[in-house]
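Each ligand, and each atom within it, is numbered from 1 in the order the structure gives. If you're wondering where the values come from, they're calculated on a predicted model, not measured in any experiment.
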Amino acid sequence: MLLRAERRSIAAAILLIVAFCLPAAAQERRGTYTPPPADAIHAVVAEHGMVVTQERIAAGIGADVLRRGGNAVDAAVATGFAMAVTYPRAGNIGGGGFMVIHSADKHEDVAIDYRETAPAATKPDIFLGADGKPDIAKSRDSALGVGVPGTVAGLTLALEKYGSGKFTLGELLQPAIELARNGLALADDMADTLPAIYPRLAHWPATARIFSRADGSPLREGDALVQKDLAATLGAIAEQGSRGFYEGPIAEKLAKAVRDAGGIMTPDDLKSYSAVIRAPVRGNYRGYDILSMPLPSSGGVVLVEMLNILEGFPLADMKQGSAPELHVLIEAMKRAYADRARYLGDPAFVNAPVVALTSKDYAAKQRASIDLDRATPWTDALSAVPPREGSNTTHFSVVDSLGNAVSNTYTLNFPYGVGLVAEGTGVLLNNELDDFTAAPGASNAFGLVGFEANLPGPGKRPLSSMSPTIVLKDGKPVLVTGSPGGSRIISTVLQVIVNVLDYHMDVAAAVAAPRLHHQWLPDEVRIERGFSEDTLAGLKAMGHQLIEPMGQTSANSIAVTPNGLLGAPDPRTRGAEAAGQ
Ligand code: DON
């Protein structure tokens, strides 16, 4: 039964959403993936260690660290810095992200939050135009959208606390420095995507110098990408640790570039940035433990809420990829994404009801509202009884021979972030602050609606969907997964987990299988190609609106099995690699 005040607030929420979000739901149009034939899908097998990334050189660098006796965190740090050079579309030191670690060495599970923060001068109306309405150019295409970068603080903190101690930061940075200084040949996904994104980059002279040929056209497959300033910046980090980035000449240059471009980040914002060690969100699904990212990512909360709802359905008795299975997945997504919009934000600013949202009791109530034959309208998917309580991205997975596991997702938000390389540093800057909600009911670039909990504020971290996740059985990792894809990240991780745990699919098949996505609003199911005609007809008959394409995701995953480590680079992007040993 809804209280009258509840009904009023839901009605107000709906009015705001209709006013702001529906026209602004600018989804990424890429992502016309069609799954390869079943006999072409193979996991890569290794015995001692595995790194699966979206870019092959960086995977090899991580695997080499494992070969030389490093643990999964050492390898993740080397891979993370390398991808800032080899995969500048999303690998970065000018953005931020999250790392979930199962440390067998320390008997600890932790989440490292290195999300970008809003500069101290940020006001809640920073992304509104003169008419008081959201101005998306401010958060997406201007330096106002640049958050204080967190990657350098996050990776150095991970190494200091959870590295093996066998490698210095400088040693792990060395391959990245050499690749930046000497150049690498443009290949794979970077070669596929650079021409389309180039006009956005060419807008900034310091960026154009790096990504252009002498004739002013974009670099092409096989051309050398040389990043000398970035090599020097990485060299300063190697020598001085994170201080080399957050203080002194590099910090001055980063802040100057942002301010010259009309932003508000200062050297003090950089100096006061810190990465945070948090307790992961924990769930339990059919006897497996789920470890995922807590706030300021919505990923863990939304994932566990969806899994809890699904646990009450006999998924194993429904055919994988059939309309009955996908219907309950969609309904679980709709409800959990509605809660995301309504309740979640930076925990330093918002008292979100995380315990209630991730409880089995709450999931049982949500489950009871699902009609097995009909799609629930989005207006009914706002939680009926609110829980009461005292309170262009890339993913890589690493497992070592000692049972340590790292699940890392980091991002600049858009491909190549805001597109601005800070003059003299080689650092591409993010536009992460677009993940804030510009005004209650407005949506971000991924069409995600939000309310007060996610308004901009000084020092605040924008709500994320990045969901690096580790699944444990009896305290040992069995699956490491995560993905890029904005709003689609959490539903992607859900489907990989369900495919592995409910359907016992080989991890490569689980990752390659077609996926779909519902995020409450817009009230539509985004689908990839590859579902059967029967499935699509069944979903339509239940009232689901199906729309192609779904948009890009890439769930580079590892399964730990009695037959060894199985690496599954996602076939959706060219160049994804599993490097085992
Ligand atoms: O943190 C988030 O949820 C977004 N900034 C992630 C962006 C993303 O995944 C873009 N990649 N496709």
Side-chain angles (χ1 to χ4, degrees), residues 26-31 33 54-55 83 87-92 94-100 111 113-118 136 139-140 145-147 149-151 154 189-190 192-193 196-197 200 292-303 337 340-341 344-346 392-396 408-419 428-437 443-450 454 456 460-469 482-493 515 517 519 526 549-556 570 572-573 576:
Q27 296 281 337
E28 205 181 340
R29 293 290 158 194
R30 287 183 69 237
Y33 165 76
Q54 220 155 312
E55 192 285 317
M83 286 186 85
Y87 196 69
R89 170 184 170 175
N92 69 80
F98 303 118
M99 182 183 284
V100 172
D113 165 5
Y114 58 98
R115 182 72 160 166
E116 300 90 330
T117 52
I136 57 172
S139 56
R140 295 177 200 175
V146 179
T151 298
D189 183 57
M190 193 177 7
D192 290 345
T193 55
I197 203 78
R200 198 174 144 81
S292 192
M293 196 61 213
L295 292 173
S297 177
S298 61
V301 174
V302 173
L303 177 67
Y337 275 88
R340 177 196 196 279
L344 303 184
D346 182 344
N392 226 300
T393 311
T394 188
H395 175 81
F396 57 84
N408 188 89
T409 315
Y410 69 158
T411 188
L412 292 165
N413 195 31
F414 283 17
Y416 300 89
V418 77
L428 255 170
L429 291 162
N430 66 83
N431 59 354
E432 212 70 63
L433 303 190
D434 184 64
D435 277 349
F436 279 125
T437 300
S443 55
N444 70 0
F446 301 94
L448 285 167
V449 178
N454 191 34
K460 194 171 175 182
R461 286 157 145 94
L463 185 62
S464 173
S465 302
M466 292 188 288
S467 317
T469 298
S483 179
S487 56
R488 303 169 294 260
I489 293 172
I490 322 173
S491 54
T492 290
V493 171
R515 298 194 267 262
H517 171 73
Q519 61 183 46
R526 288 269 162 182
M550 190 188 97
Q552 186 75 39
T553 56
S554 185
N556 300 310
D570 197 315
R572 286 165 180 78
T573 44

| query | Strictly under 4.0 Å, does any heavy atom of R115 approach an atom of ligand 1? | reply | yes
| Any Q552 heavy atom less than 4.0 Å from ligand 1 | no
| Is any side-chain N of the basic residue among D113 and R115 closer than 4.0 Å to the acidic one's carboxylate O? | no
| query | With the threshold set at 4.0 Å, does a side-chain nitrogen-carboxylate oxygen contact exist between K460 and D346? | reply | no
| message | For ligand 1, which is the ligand I care about here, please tell me if T411 has any N or O atom under 3.5 Å from one of the ligand's N or O atoms. | response | no
| query | E432 to ligand 1: N or O pair under 3.5 Å? | reply | yes
What are the atoms of ligand 1, with element, lying closer than 4.0 Å to any heavy atom of [X]?
X: S465; result: 1 (O), 2 (C), 3 (O)
X: F446; result: 7 (C), 8 (C), 10 (C)
X: I489; result: 9 (O)
X: T393; result: 6 (C), 7 (C), 8 (C), 9 (O), 10 (C), 11 (N)

Modelled atom types, side-chain donor and acceptor of [X] and [Y], under 3.5 Å:
X: R340; Y: S298; result: yes
X: D435; Y: N444; result: yes
X: N408; Y: Y114; result: yes

| Is S467 close to M293 at the side-chain level, that is, under 4.5 Å between some pair of heavy atoms? | no
